[in-house]
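Report on the following structure.
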Amino acid sequence: MAHRFVKISKGLDKTKIRSLRRVNPQKKGERETFPGSKYLSKKDRWFGPHVQKWAILIGVSIIVSILLFPNVLTRPRAFKLGDVTDRDIKASRELLIENNELTEKRRQEATKNVLSVYDFDPTGTNILARIGDAFSVGRQYLAERPSVTDSPEKRPKDLSTKMDAFKQGFFETLDISPDEKIIGHLMETGFPMAVETTIIDLVTQVQKKGVVLNKDILERQSGMGIFLHNIHTGQELKVTDLSRVYDMKAAREHIIGQRQAIAKTFGSSQLAEIAVKLSVALIKPNLTFNKRETALRKDLARKSVKPFYFKVKKNEMLVREGERIQDEHLLKLSEENKSLKQREIIGRAPAMALLIAYLLAAIYMVGLLTNGSSRAEVKNLLFNAVTLLAVFLVVVVFNFMAEEVARGFRFFSPRTILFAAPVASGAMLVSVFQGMRLTASFSLIISVLAAFVVGADAEFFLYFFISSLIAGYGVRHCRDRSVFIKTGLKVSLTNMILALAMEALHGSLYSPETLIACGAAFIGGILVGVLATGFLPLFEMSFGFTTDIKLLELANLDQPVLRELMVQCPGTYHHSVIVSNMVEATAQAVNANPLLAKVAAYYH
């Protein structure tokens, strides 16, 4: 019987060889192509299995980075003043926020503290020299004028013209309006030196203190003072006592008030009147506001005030749920949204995609994500990618739910609920379909990505990695669906031990949070088994995988095909059973899959 089976097998092999040689004979000039050959067709070069594998790895990296930083594609909610927040919002990183209100306030204070600058001319446009010149010219004119006793023939014909020119020049030198009474009396008295000295004294008294056109503007600076800028020397003097400064009215009143004393000194009220009138006429403002210089100094003071910032620590609460948005909240939220958008679009999302791509590429290139080099590898890699993304999405949703649940209970943190994340369910599926070697690689990748979701915590990486290895190892020879639940219980026990260790590291071993963490860890293990059991048939049908569970179903002798074979061809049925026993024993001897060999023998 065995000899006959061998002969039939040899005959079948030769037939297959001959048929293969007949199909698609190689034509002259054509080159044989195979994976890795340099003579690949253009289609295989651009859309072949090798390109498809890299496309899958890059696509997974991009999708994971977007799921980690969803703000890349979404616009943060724009709050308005008075809005009520529906959730707590924390700072994603340390922020330095400019306090515009305080900065503007300090700048206004700095501007306000700048003293006004007034140009001060202590000489009053050289008034003292002009007084001396005018009186000196007057005395000289009188000395040169012909005497009254001279005969008419000796008097010049233009005497009247010269006198008018003298009078006009006198008043022009003093820069005052002409007054015939004053000039006439001065000519009669010979421009007395006492009058000149008195006028100089009166004008000097007023000019030294300063004269402004309008003192109301100056009095606004009374609390701070002003800077007097000497236009001749360039020196500046800070003056805080502004009461010493005269306006035009006060200066004139000051001079007029000394009329009686001057009259007593001169012994002539008429000369005193002339001296006072000339002094009053000569008084002009010598203190003027320098608007340009003051504005420049205020602008410089404003620019010298640096912006004021207040620091917001990472994870500091920006606004609480149910709180109305105020100006300060808007400032913080605006800076937070700006920071998130800039970091995620420019840096974080592309950087994360690059890191994940390098991780997947490194594991793929060393052969830890593949079992060979056939086209079936694309299907296997696609299965790994879909499983990875599915589990990763579950972790993202779980993390969001943990934060939402923890908001309603203040006695534990979202971290404790994360122990229930069913990360190991993906490792179970990979172990059933592809074996333990690929399960270890998958466990490493999904543990790294899940740790990123929960805050890049190394402790959670170990938690997810160990539970994934335990889950994968428990179903490596799964032939019964109950194995998933049993393995899930083993994962629950492992999770609880790991959760206790992690809580002890954080110093909260004897707190209610530890009990919640252990409960979440136990539930997480059960969820791993339940999810793997539910998704197994879906992946099995979608990707055409054949598991040991499916093989056991096919090996059942109550299958309709085998029952019909038993009735219609009992000899062939007996032959198939004998062959199945032979190949099963052989497969066990060479560490192959005996169940697969047995079922193949049934249906060969």
Inset, instruction - Go through the steps for Lys284 and Asp175 under the test side chain to side chain contact (heavy atoms under 4.5 Å, CB included), then give the verdict. - result: CA-CA 10 Å; Lys284 291 183 179 179; Asp175 193 19; 2.6 Å; yes
Legend entry - Test log, rule side chain to side chain contact (heavy atoms under 4.5 Å, CB included), inputs Leu57 and Lys53: CA-CA 6 Å; Leu57 295 178; Lys53 294 175 188 177; 5.7 Å; no
Inset, instruction - Starting from the C-alpha separation in whole Å, work towards a yes-or-no answer on salt bridge (charged side-chain N to carboxylate O under 4.0 Å, His left out) for Lys181 and Glu273. - result: CA-CA 11 Å; Lys181 289 183 179 180; Glu273 183 70 21; over 6 Å; no
Inset, instruction - Check the pair Thr103 / Arg107 against side chain to side chain contact (heavy atoms under 4.5 Å, CB included), numbers first and verdict last. - result: CA-CA 6 Å; Thr103 302; Arg107 284 174 176 171; 3.6 Å; yes
Legend entry - Derivation and outcome, side chain to side chain contact (heavy atoms under 4.5 Å, CB included), residues Glu196 and Arg139: CA-CA 11 Å; Glu196 177 185 350; Arg139 286 190 285 267; 2.8 Å; yes
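The minimum heavy-atom distance linking Phe398 with Ala421 is given by the pair CE2-N, 3.6 Å. Residues Ala110 and Val305 come closest through the heavy atom pair CB-CG2, 3.6 Å. Nearest heavy atoms, Val245 versus Gly210: CG1-O, 3.5 Å. Contact between Ala275 and Leu202 at its shortest, heavy atoms only, is O-CD1, 4.4 Å. Of all non-hydrogen atoms in Val117 and Thr294, the two that sit nearest each other are N-OG1, 3.0 Å. Across every non-hydrogen atom of His185 and Ile274, the tightest pair is CD2-CD1, 2.8 Å.
Heavy atoms of other residues, nucleotides or ligands lying less than 6.0 angstrom from CD of Glu101 number 12 at most. Within 6.0 Å of CE on Met248 lie more than 12 heavy atoms contributed by other residues, nucleotides or ligands. No more than 12 heavy atoms of other residues, nucleotides or ligands lie within 6.0 Å of CZ in Arg292, so this atom counts as exposed by the packing criterion. For Gln168, the CD atom counts as loosely surrounded, since its 6.0 Å shell holds 12 or fewer non-hydrogen atoms of other residues, nucleotides or ligands.
Phe227 places none of its side-chain heavy atoms less than 4.5 Å from the side chain of Glu293. No side-chain heavy atom of Leu359 sits less than 4.5 Å from a side-chain heavy atom of Leu355. Within the 4.5 Å cutoff, the side chain of Leu444 has heavy atoms near those of the Phe461 side chain. A 4.5 Å side-chain heavy-atom check between Leu278 and Leu186 finds at least one atom pair inside the cut-off. Taking 4.5 Å as the limit, every side-chain heavy atom of Val212 sits out of range of all side-chain heavy atoms of Phe289. Between Lys112 and Gln108 the shortest side-chain heavy-atom distance does not fall below 4.5 Å. Between Thr123 and Leu128, every side-chain heavy-atom pair lies at or beyond the 4.5 Å cut-off. Contact annotation: the side chain of Val395 never approaches that of Pro422 to less than 4.5 Å [non-hydrogen atoms, C-beta and beyond].
With rounding to the nearest 0.5 angstrom, the CE atom of Met502 is 4.5 Å from the CZ atom of Arg415. The distance from atom CG of Leu68 to atom CD1 of Ile66, rounded to the nearest 0.5 Å, is 10.5 Å. One finds the OG atom of Ser243 at 6.0 Å from the NZ atom of Lys215 (value rounded to the nearest 0.5 Å). Between atom CD of residue Glu513 and atom CD1 of residue Ile417 there is a gap of 9.5 Å, rounded to the nearest 0.5 Å. A distance of 10.0 Å separates OG1 of Thr189 from CE of Met187, quoted to the nearest 0.5 Å. Ile283 contributes atom CD1, which lies 9.5 Å from atom CD of Gln205 (distance to the nearest 0.5 angstrom).
Using the six-membered ring where Trp is involved, Phe170 and Phe191 have ring planes that are tilted, between 30° and 60° apart.
Each of Phe452, Phe465, Phe419 was compared with Phe460 under the ring pair (Phe, Tyr, Trp, His ring centres under 6.0 Å) criterion, and only Phe419 meets it. Considering Asn286, Ile255, Val206 in turn, Val206 is the only one that fulfils the side chain to side chain contact (heavy atoms under 4.5 Å, CB included) rule with Tyr246. Considering Arg259, Glu253, Gln260 in turn, Arg259 is the only one that fulfils the side chain to side chain contact (heavy atoms under 4.5 Å, CB included) rule with Ile256.
Within the 3.5 Å criterion, the main-chain N or O of Ala295 finds no donor-acceptor partner in the side chain of Asp299. In terms of modelled atom types and a separation under 3.5 Å, the side chain of Ser136 and the main chain of Asp133 share no donor-acceptor contact. Between the side chain of Ser279 and the backbone N or O of Val203, no donor-acceptor pair lies under 3.5 Å. Within the 3.5 Å criterion, the main-chain N or O of Thr173 finds a donor-acceptor partner in the side chain of Arg130.
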